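This structure is a prediction, so every number in the text was calculated from the model and none was measured. Ligands are counted one by one from 1 in listed order, and the atoms in each one are counted from 1 as well.
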Amino acid sequence: MTKIMVIGSSSMDLVVTAPKRPLAGETLLGDSFKTVPGGKGANQAVAASRLGAEVYMVGCVGTDRYGEEIVKNLQQNGVNTDFVEVINGESGTAHIVIAEDDNSIIVVQGANRHVTPELVSRAGEVLSESDMVLIQQEIPVETVRYVSRLCKKLNVPLILNPAPARKTEQEVIEAARFLTPNEHEASLLFDGMGIQEAIRKYPGKLFVTQGMQGVRYFDGKKEVVVPSYPVNVVDTTGAGDTFNAAFAVALSEGKGVEKSLQFANKAASISVSKFGAQGGMPTREDVGNG
Ligand code: RIB
C-alpha cells in the first residue's frame, strides 16, 4: 500500500442548486440546499483513500459542528487524522451555486488559515516516509512554500495542484515534482506564456487539465493529450480533486505518467456522475487497475 500525505483545506460545502445564478442585486428562488463535506485537501485525501492508498491528512477544522462532521467523514473514509488540528473558531466553508451545468464557489477559509508550517513540521516524520505529497492553494502561501522546501530537502515527490488560482512563487513551481493546473490556473502560474510554451518548458512535470478535452503535457519529444472519458455529468465539483488524488495514487504505485493520467481521467469521470464533491468519488474497484 502506498503512503500519501495530503496537506490542505477541509471545509463544509453549502450547496444550492438553482435554474440560474443571480445577477448583482437580484434574488432568485433556488431548487435545493445541502451541506456536504468538501475542501480541496479533504476531497483529495478521501479520493486517494478510496482508491487504496494509506492517507494522512494535515489540516485544521474549527470548534463548530462542521469541524466534528469533517473529521468524522475523513475517518469514515479511512483517512488518518492525527495531524488534523481543532482550532478555536469556525471551520472552512465553501458556498457553492450549481446552475446551468456548472458551479461557482466562494471559499471562506476559516480554520484553514491555521494550516501553518509548524503544523506540517509536526507531521515531518510521516512526510519523510511518504511516497507522494499532495498540496493545493486554499491554505497560507508560507505553508505551500515550506512544504515545497521540505519535500525538496527530503526528496519526497510533491504534486502541487495550484487551485484555486493565485500567483505562485517561482521557487515553489521549481520545487514541485508535478504541477496540475487547469487552463485558467496555468495562465496565472505562467504569466504571459501560452500553454504550449509552458508545457515545453516543463516536460513531464506540467499537466494542464482541460475538462472534457483531457490533459495536455509535453513528454520531452512531443505534445501528448490524454483524452477524458465521456460521461453523464451530474456535478463537476471535486472532479479536479479526484483527478489529482488518482494521479498521485497511480504514480506512487509506479505506473508511468501516461497510464497514471488515464487512471486519473477515469476516476475523475466517475466522480462527476453523482452529487457533491465526494459523493461520486470512486473506489479502487470502480476504477480498476488502469
Ligand atoms: O475542488 C472542489 C472544492 O473546492 C469544493 O469541495 C469546495 O470546498 C472548494 O474548496
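- Side-chain contact of Asn161 with Gln136: a donor-acceptor pair under 3.5 Å is absent, judged by distance alone.
- For ligand 1, the polar-atom distance check against Gly39 finds a nitrogen or oxygen pair separated by under 3.5 Å.
- Checked against a 3.5 angstrom limit, the closest N/O atoms of Lys40 and ligand 1 fall inside it.
- In this model, no donor atom of one side chain and acceptor atom of the other lie less than 3.5 Å apart for Glu253 and Thr2.
- The Asp241 neighbourhood of ligand 1 comprises atoms 1 (O), 2 (C), 3 (C), with distances under 4.0 Å to a heavy atom of that residue.
- Atoms of ligand 1 found under 4.0 Å from any heavy atom of Glu138 (numbered from 1 in listed order, with element): 4 (O), 9 (C), 10 (O).
- Shown in contact with Ala277 at under 4.0 Å from a heavy atom are these atoms of ligand 1, numbered in order with element: 6 (O).
- Checked by atom type, the side-chain pair Thr237/Asn103 shows a donor-acceptor distance below 3.5 Å.
- Annotation for ligand 1: atoms under 4.0 Å from non-hydrogen atoms of Gly38 are 6 (O), 8 (O).
- Shortest contact from atom 3 (C) of ligand 1 to any protein heavy atom: Asn43 ND2, 3.6 Å.
- Remark: distances from the non-hydrogen atoms of Gly240 to ligand 1 are all 4.0 Å or more.
- Tyr202 and Glu174 form a side-chain donor-acceptor contact under 3.5 Å, judged by distance and modelled atom types alone.
- Of the inter-residue distances, the one linking Glu138 atom CD with Ser9 atom OG reads 3.5 Å to the nearest 0.5 angstrom.
- Residue Ala94 approaches ligand 1 through these ligand atoms, each under 4.0 Å from one of its heavy atoms: 7 (C), 8 (O).
- In terms of protein heavy-atom proximity, atom 5 (C) of ligand 1 is nearest to Asp13 OD2, 3.3 Å.
- Note on Arg149 versus Glu171: salt bridge recorded, some NZ/NE/NH1/NH2 to OD/OE distance being below 4.0 Å.
- Summarising the local packing, CD of Glu183 is surrounded by more than 12 heavy atoms from other residues, nucleotides or ligands at distances under 6.0 Å.
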